[in-house]
Amino acid sequence: MAHLDHHPAWLAAATGDTTGLPDVLDGYGATVDWPGCSLWRELMTLYPDAKVLLTVRSAGSWWSSYADTIHQLMLQPVLDRAEVGPELAELSRFGHVLTQRSFGAPYADQTPTDLVAAYERHNAEVRAGVPPGRLLEYDIAQGWDPLCAFLKLPVPDRPVPFVNDRQAFRELFGLDAPAPPPEAPYTREQVEGHFRAAIPPSGIEHH
């Protein structure tokens with residue numbers, strides 16, 4: 001999200017052309033959440049030695065969080081380029097395309113039951129599609145031990161970081177108190193900086 005110039009490669013991959021992803025992912029050791037999770041099959045093919053982490057929680061817990069965050073964004077129309085500028089409008093389109101890949105289109109027609117079923121279907125497909133030696137099914141409540149054992153890494157001497165929680169997400173996207181339209185369209189630096197600022201020092205390392 002903090003690299004708008006990467007979006008064309010992810011969007012192309014969503015339609016079958018993954019040739020741009022190696023350049024986008026060069027220098028990274030992992031990708032988590034969207035857009036990577038919606039392209040897990042393609043990434044497995046590109047990186048045949050990579051391990052796959054399936055983070056799980058109960059369907060009820062997932063829906064409670066999703067309904068208050070990403071779902072709220074998906075119910076909004078794609079942003080108008082004339083109002084917010086091409087950078088933020090492209091980010092909005094990017095999010096809609098990748099999310100609908102996971103949940104189906106038109107998104108507005110999906111019921112909560114449909115969305116929960118899509119979540120459970122995704123998990124089942126990952127379990128069935130990833131060889132056991134490459135897959136760890138992981139609940140964050142388990143702490144560091146199973147994750148570090150799976151990755152063959154030492155256990156850190158600090159708690160598992162808890163970032164990107166529900167309230168932080170809502171604040172990031174202005175879901176509780178939308179900001180007034182800017183006097184001028186957002187620039188690329190403003191959009192990318194917004195996402196970089198949301199990653200605390202203890203969160204994901206950026207290369």
Side-chain angles (χ1 to χ4, degrees), residues 1-4 6-7 10-11 14 30-40 43 53-80 83-84 87-126 137-142 147 159-182 186 190-206:
M1 290 294 194
H3 289 280
L4 298 183
H6 291 180
H7 291 183
W10 288 109
L11 288 170
T31 178
V32 298
D33 215 322
W34 275 300
C37 68
S38 68
L39 293 159
W40 63 272
L43 291 172
L53 178 68
L54 176 64
T55 52
V56 295
R57 61 166 85 179
S58 70
S61 173
W62 173 82
W63 172 248
S64 176
S65 174
Y66 182 82
D68 276 350
T69 54
I70 297 170
H71 182 56
Q72 298 299 314
L73 290 180
M74 289 298 297
L75 294 177
Q76 299 177 13
V78 173
L79 297 174
D80 189 327
E83 293 182 0
V84 299
E87 311 293 359
L88 196 55
E90 182 61 17
L91 175 63
S92 177
R93 186 176 78 88
F94 170 81
H96 276 72
V97 169
L98 271 298
T99 306
Q100 288 185 134
R101 178 182 169 91
S102 296
F103 293 107
Y107 186 88
D109 291 347
Q110 309 296 310
T111 67
T113 299
D114 294 331
L115 296 170
V116 170
Y119 165 75
E120 294 180 320
R121 184 168 58 250
H122 168 83
N123 288 350
E125 290 174 353
V126 172
E137 188 168 335
Y138 175 69
D139 186 326
I140 192 68
Q142 294 174 289
L147 178 60
V160 176
F162 185 69
V163 296
N164 193 29
D165 64 5
R166 191 178 314 192
Q167 189 55 41
F169 184 99
R170 294 185 66 85
E171 290 174 0
L172 177 64
F173 288 99
L175 291 176
D176 294 314
Y186 289 98
Q190 286 175 313
V191 174
E192 293 182 343
H194 190 54
F195 284 95
R196 292 195 184 108
I199 302 174
S202 60
I204 299 170
E205 181 179 359
H206 174 66

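The shown structure was predicted, so the numbers you read here are calculated from the model rather than taken from an experiment.
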Quiz item: Between Tyr107 and Leu115, is any pair of side-chain heavy atoms under 4.5 Å apart?
Solution: yes
Practice problem: Run the numbers on Thr55 and Ile140 for side-chain contact (heavy atoms from CB on, under 4.5 Å), then give the verdict. | Solution: CA-CA 7 Å; Thr55 52; Ile140 192 68; over 6 Å; no
Exercise. Return the set of residues passing ring-ring contact (aromatic ring centres under 6.0 Å, His included) with Tyr138 (not counting sequence neighbours), or none when no residue passes.
Key: none
Quiz item: If you look only at pairs with a residue in residues 58-72, which of them pass as a salt bridge (charged side-chain N to carboxylate O under 4.0 Å, His left out), with sequence neighbours excluded?
Solution: Asp68-Arg166
Exercise. Answer yes or no: is there a side-chain heavy-atom contact under 4.5 Å between Leu147 and Leu53?
Key: yes
Practice problem: Apply side chain to side chain contact (heavy atoms under 4.5 Å, CB included) to Ser61 and list each qualifying residue two or more places apart in sequence or on a separate chain. | Solution: Arg57, Ser58
Quiz item: Between Trp62 and Tyr119, what is the ring plane arrangement, given parallel below 30°, perpendicular above 60°, and tilted in between?
Solution: parallel
Quiz prompt | Set of residues satisfying side chain to side chain donor-acceptor pair (under 3.5 Å) with respect to Glu125, sequence neighbours excluded | solution = Arg41
Practice problem: Considering non-hydrogen atoms only, spot the tightest contact between Gly36 and Leu43 and give its length. | Solution: O-CD1, 3.6 Å
Quiz item: How long is the gap from CG on Leu39 to CH2 on Trp10, to the nearest 0.5 Å?
Solution: 6.0 Å
Quiz item: CG/Asn123 to CD/Glu137 distance, rounded to the nearest 0.5 angstrom?
Solution: 7.0 Å
Quiz item: Going from CG on Leu98 to CG on Asp33, what distance comes out if it is rounded to the nearest 0.5 angstrom?
Solution: 11.0 Å
Quiz prompt | Interatomic distance, Cys37 atom SG to Leu54 atom CG [nearest 0.5 angstrom] | solution = 10.0 Å
Quiz item: What salt bridge (charged side-chain N to carboxylate O under 4.0 Å, His left out) pairs are there with at least one residue in residues 110-124, not counting sequence neighbours?
Solution: none
Self-check item: Rounded distance (nearest 0.5 Å) linking atom CG of Leu11 with atom CZ of Arg101
Solution: 11.0 Å
Quiz item: Listed by chain and number, what are the side chain to side chain contact (heavy atoms under 4.5 Å, CB included) partners of Ser102, not counting sequence neighbours?
Solution: Trp34, Ser38
